[in-house]
Amino acid sequence: MKSLEQVKRRRNLRFAALVLILFFGISGPGRSILSAFEGLVAAAISPVTSTAGAGMSRTADVVDSILHVGSLRRENRAMEAELAKLREENRNLNDIVNRSSYLSNAAAIEGNHSKGAVKANIVAKPAGMYFYRFTIDKGTKDGIRKGDTVVSALEQGSDASVEGLVGYITEIGPHTAKVRSIVDEENAVSFRSIRTADGGIVRGLNRKLEGYAFDMYADLVVGDPVFTTGIGDGYEKDVYIGAVKKVETDEDKMVKSISLESAVNFHKLYEVYVLKGAR
């Protein structure tokens, strides 16, 4: 009996609890209490949700920033490549402008010689500042031979000529040849003034052109342009050598000394032209 009483009591308590829950859930006062309870719960978890929301927002901002930085890097690389291309084009244009006289004179050399002019690159030279002896990348297979005159297109415009005398070929093979320049001490070249036809001989001396006039009373003055004579030394006739730089007369020795300034810059000589069959 006692156990039956306990069962009934528990059943009655459960029923009463159910009635109270329904009362608070449906009735106004009950609903207010529940709402207040919900508010307390919401207030308790609000900081957590706010923090989580802010964290998510910051994470999104960071992701956007990373993506934006990657895009900027790609754009920067593209701009750097374009800038490098423009710089290269600018260098090429400057080179063409700076070498315009040279390129024009080079084209003239190729068209001025009936026997032909072979363009060659210098591929070797002895140590030192001057190109007094050097090797070129052309040989017998290109139609040139030992003794041919070698010239260079002038870098600056000149009223005298488009080409300057460099030297002549001393040794030759099928694909290469060796050149001795006029500033070499073992080389000599006869000259004449185009103004007066007075002439003389100069040779390399300390990488300069020093010599004398045939006539002590020759009318040679500083600035006179001089050319090859084509007599004796084998150089092609009327190739521009340079201009008279100094004239000195020694009455006792009956000699008029001449110094010439070469038309060619032997400090920077990279390509030349071989005049076929000239020597």
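In this structure, T228 contributes its side chain and Y235 its backbone to no donor-acceptor pair below 3.5 Å.
Under the side-chain contact (heavy atoms from CB on, under 4.5 Å) rule, V226 has a single partner from V189, I194, I258, I241, which is I241. The only member of I169, T176, V118 that meets side-chain contact (heavy atoms from CB on, under 4.5 Å) when paired with K138 is V118.
Between D219 and R195, some side-chain heavy-atom pair lies under the 4.5 Å cut-off. Taking the side chain as every heavy atom from C-beta outward, V247 and V221 never approach each other to under 4.5 Å. No side-chain heavy atom of F214 sits less than 4.5 Å from a side-chain heavy atom of D198. Side-chain contact between N187 and Y168 is present, with heavy atoms from C-beta onward closer than 4.5 Å. Under the 4.5 Å side-chain criterion, counting only non-hydrogen atoms from C-beta, V239 is in contact with E163.
To the nearest 0.5 Å, atom CZ of residue F134 and atom CG of residue D184 are 11.0 Å apart. Atom-to-atom distance recorded for K178:NZ and K125:NZ is 14.5 Å, nearest 0.5 angstrom. Residue E210 holds its CD atom at 14.5 Å from CD1 of I201, rounded to the nearest 0.5 Å. In this structure, OH on Y270 lies 12.5 Å from CG on N121, to the nearest 0.5 angstrom. Rounding to the nearest 0.5 Å gives a distance of 11.0 Å between OG1 of T249 and CE of M254. Once rounded to the nearest 0.5 Å, the distance linking OG1 of T135 with NE2 of H175 reads 14.5 Å.
In this structure, F227 and Y240 have tilted ring planes: the angle between them lies in the 30° to 60° band.
Here the shortest heavy-atom pairing between I144 and G139 reads CG1-O, 3.2 Å. Listed here is the closest heavy atom pair of V179 and T170: N-OG1, 4.4 Å. F266 and S181 make their closest contact through CE2-CB, 3.6 Å (heavy atoms, listed as atom of the first residue, atom of the second, distance). Annotation for K256 and M216: closest pair CE-O, 3.0 Å, computed over non-hydrogen atoms. L220 and A213 make their closest contact through CD1-CB, 3.8 Å (heavy atoms, listed as atom of the first residue, atom of the second, distance). Minimum interatomic distance between S152 and L269 (heavy atoms only, all atoms of both residues): OG-CD1, 3.8 Å.
Cluster annotation: M129 and V272 are assigned to the same hydrophobic cluster (Ile/Leu/Val/Met/Phe/Trp/Tyr, side-chain heavy-atom contacts under 4.5 Å, transitive). Cluster membership for V183 and Y212, using ILVMFWY side-chain heavy atoms within less than 4.5 angstrom, is not shared.
Ion pairing between E171 and R133 fails under the 4.0 Å rule for side-chain N and carboxylate O.
For R192, the side-chain contact (heavy atoms from CB on, under 4.5 Å) test picks out T229, D238, with sequence neighbours left out. Residues forming a salt bridge (charged side-chain N to carboxylate O under 4.0 Å, His left out) with D142 (at least two apart in sequence, or on another chain): none. Residues passing the ring pair (Phe, Tyr, Trp, His ring centres under 6.0 Å) test with Y130, sequence neighbours excluded: H267.
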